[in-house]
Every structure is written in C-alpha cells, then in structure tokens.
Amino acid sequence: MEVVGRLLALLAVLVVGTGLRTTGILDRRRTELLNAFAYYVALPALIFVSTYDRAIGDLLSPALLGGLLFVLFTTVGLAALVHRNRDSSARRSVAIVQSYHSNLGYLGLPLVAATFDASVTAIASVVLGVVTLTQMPLTILVLSTLNGADVSLARELRGLVTNPVLATLVAGLAVGSLGVSIPSAAASGLDAVGSLALPIALLCVGASLQVDPTDVDFGATAAVVALKIGLMPVLAWVVFSTLAVGPATFTASVVMFGTPTAVSTFVFANELGGDQEFASLNVFVTTLLSIASLFVLITLVR
C-alpha cells in the first residue's frame, strides 16, 4: 500500500502541474524557472548527497557498465527495426528516440530516492550518469541524421561537459573516493534541497505535457509505449539477473530503465526536425502509463 500511495501522489502532482498550466498559473516563464531550479539546484543536490560518501569503485563495476550499455543499445536496435516503416522520417526518428530515451533525472533518480534506501539511490545516480552520457548524444545523432538537421557537434559536447547533473556526479564520486569529509550541516541542507527534486520535476512535466487529439497515430504510440515502459525494464531485469551484481544494482537498474520517455526528447525533436506533436503525445502517454508499470516494477523488486 505504501508503494501505491507514493505513485498515486506522483500522479496527483503531475495532474496538478497540468491544471496549473491550463489555468495560466504555471505559464511558460514560471515553468522555465521551476525547471531551472530542479535541473541546476535540486537534482544536483540529490546526486551529491547520494554519492559523496561512497568510492567510485563501490558503485561502478564492469558488470553494471556492460549491462547498462547492452540494455540501451539492444532497445535502440529493436526500436529501429519496429519503427522502420513509419510514414515520415520526422515521425520515425522521434519514435526510435522515444522508445529508449529514459526520464532518469527528473523522475527516475528522485523516485528511487523516495522509495529505496541510500545504497540503491547511490547506484541510481551512477546509472543516471552513464546512461545520460550515452543516450543524449545518441538521440541527437538519430534525429539529426534521419531529418537532415544541421547540428554543432562541438556545441553539444560543450553542453555535456557543462551539464550540472554530470558535473555533480563527478564531484560527488571524487569526494567519496578521496575520503573528503563534508560537514553534517551542509549534508543535511543539501538533502533537504534534494528532496524537492521529485515534486518540482513532476509539476514541470505536468505543465509541459500538451496533446493534440486530432493527429494521433495509435499504432506508433502503442509501439513506443511497449518498447519504453514494457520491453526495456523487462530486458534490464533479464540482463541484470544474469550478471554478478548485488540487489542494490539490480533494483536501481531495473527501476531506472522503467521510467517513461524523457520530456527533453520533445525539445530535441523541436530543434532537430522531429514530429513535435507526436513527441508530445508520447511523453504524455508513457508518463501517465508508467505510474502503473512502475508500481508493478517497484513491487516486484522490493
């Protein structure tokens, strides 16, 4: 019942975000400010307090790295096969990307932190870093290649280097590996700020979701849903069950891969010639349905 309560609370906050956008309270500017706070303050604080007291060797193992990359690229390959006959490159590119690009930062890590203990959260922070470093350039490559969009590789690489999530992960792992002591008051303050990541992120996701029901491709959206919140966590379950990993690594990996399509894929689609309406619909549907699928995953792994 505790898991049900948590996920229903997530759904409620998501709906509240949508309602605040509809009433004009969360307009574009206010949503951008909340997004900035979540991305540059709350989420980095959560990552740092999850990793600053742990050495990188205790968190990142060859089995974890290999398992993450295998699940990600296998899903990419299956998505390319399933969506190969979509009616336009704009829609095909978005369908492929949204079948694997997970919402690890805004939903995955905060949800893990709110549901599991510190050891699982620390592993989830590493999962976030490894997969983000892989899926973000891959998404840019897929969209720009299939849509013939011009993209500055140097600019995108600079964006990765200056990404606050990745920078904080590196800082936290460095502090933990070097054994640097962090004052308890500072750690408590960062923990309090980090606890705001999930509710603020959900408000922003709800405020960003927009659907045009006049142009719905049910088959394509169903395929995206099946791959993203159906196949991907199942594949992660099978892969990490066969690897020599501990319960914390197994739990973090499966739940993180069970998250819905990232809202950022809509932004990338908008910038790189993808089908924007289709992208918005898929974010909405995968996010809504993931409330139920994550309940099943969390119940099983617990």
Side-chain angles (χ1 to χ4, degrees), residues 47 56 59-84 92-109 111-112 120 122-146 156-157 159-160 163 165-166 169-170 223-245 248-269 272 274 279 282-283 286-287 290 293-294 297 301:
I47 292 171
I56 187 172
L59 299 176
L60 181 59
S61 65
L64 174 60
L65 179 61
L68 293 176
L69 296 180
F70 180 85
V71 172
L72 178 61
F73 282 105
T74 299
T75 307
V76 172
L78 291 172
L81 181 64
V82 169
H83 298 299
R84 66 188 184 282
R92 182 168 70 255
S93 62
V94 169
I96 293 172
V97 163
Q98 293 191 317
S99 295
Y100 69 79
H101 197 123
S102 304
N103 196 338
L104 303 176
Y106 269 15
L107 291 182
L109 180 59
L111 176 62
V112 169
V120 180
I123 297 293
S125 296
V126 175
V127 173
L128 167 63
V130 171
V131 178
T132 298
L133 275 172
T134 309
Q135 71 179 8
M136 191 176 294
L138 184 60
T139 289
I140 294 169
L141 177 64
V142 171
L143 287 169
S144 60
T145 300
L146 292 182
E156 299 302 335
L157 289 175
L160 277 176
N163 185 302
V165 170
L166 298 177
L169 175 62
V170 171
V224 170
V225 170
L227 287 166
K228 182 67 212 66
I229 63 175
L231 175 71
M232 203 171 195
V234 170
L235 180 60
W237 187 296
V238 172
V239 169
F240 284 96
S241 292
T242 61
L243 294 174
V245 298
T249 298
F250 172 83
T251 299
S253 302
V254 171
V255 174
M256 292 288 274
F257 275 129
T259 54
T261 299
V263 181
S264 61
T265 58
F266 170 77
V267 178
F268 285 128
L272 299 173
N282 292 337
V283 171
T286 57
T287 300
S290 70
S293 62
L294 283 169
L297 276 180
V301 299

(request) Using side-chain contact (heavy atoms from CB on, under 4.5 Å) as the criterion, list what pairs up with V82, not counting sequence neighbours. (result) R86, A223, L227
(request) State which residues pass side-chain contact (heavy atoms from CB on, under 4.5 Å) with L146; sequence neighbours excluded, sorted by chain then number. (result) R92, S93, I96, V142
Considering all heavy atoms of both residues, which atom of [X] and which atom of [Y] are nearest to each other, and what is their separation?
X    : Y    : value
S293 : S290 : OG-CA, 3.1 Å
T145 : L141 : OG1-O, 2.7 Å
F268 : M136 : CZ-CG, 3.9 Å

(request) Indicate whether the side chain of T139 and that of H101 have a donor and an acceptor atom separated by less than 3.5 Å. (result)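 Per modelled atom types, T139 and H101 side chains form a pair under 3.5 Å.
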(request) Any side chain to side chain donor-acceptor pair (under 3.5 Å) involving residues 61-80? Give me the pairs, sequence neighbours left out, ordered by first then second residue. (result) none
(request) Scan residues 226-240 for pairs that pass side chain to side chain donor-acceptor pair (under 3.5 Å), counting only residues two or more places apart or in two chains. (result)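 For residues 226-240, and leaving out neighbouring residues, the side chain to side chain donor-acceptor pair (under 3.5 Å) pairs sorted by first residue read S102-K228.
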(request) Check whether any side-chain heavy atom of V97 lies under 4.5 Å from a side-chain heavy atom of L143, and answer yes or no. (result)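 A side-chain contact exists here, since the closest heavy-atom pair is under 4.5 Å.
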(request) Please examine the side chains of V94 and H83, heavy atoms only from C-beta on, and report whether any two atoms are closer than 4.5 Å. (result)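 H83 vs V94: side chains apart.
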(message) Let's go through L78 and Y100 carefully: what are the C-alpha distance in whole Å and the side-chain angles of both, what is the deciding distance for side chain to side chain contact (heavy atoms under 4.5 Å, CB included) to 0.1 Å, and is it a yes or a no?
(response) CA-CA 10 Å; L78 291 172; Y100 69 79; over 6 Å; no
Kindly list each side-chain donor-acceptor pair under 3.5 angstrom involving residues 123-131, sequence neighbours excluded, with atom names and distances?
{"residue": "S125", "atom": "OG", "partner": "T121", "partner atom": "O", "Å": "3.1"}

(message) Within this structure, what is the CG-OG1 distance for the pair L272 and T265, rounded to the nearest 0.5 Å?
(response) 11.5 Å
(message) Nearest 0.5 Å, please: how far is CG in L294 from OG1 in T287?
(response)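 Reported value, rounded in 0.5 Å steps: 10.0 Å.
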Just list the side-chain donor-acceptor pairs under 3.5 Å for residues 250-264, sequence neighbours left out, or say none.
{"residue": "T251", "atom": "OG1", "partner": "P247", "partner atom": "O", "Å": "2.9"}
{"residue": "S253", "atom": "OG", "partner": "T249", "partner atom": "O", "Å": "2.8"}
{"residue": "T259", "atom": "OG1", "partner": "M256", "partner atom": "O", "Å": "2.7"}
{"residue": "T261", "atom": "OG1", "partner": "Q98", "partner atom": "O", "Å": "2.7"}

Indicate every side-chain donor-acceptor pair of residues 62-72 with a distance under 3.5 Å to a residue at least two apart or in another chain.
none

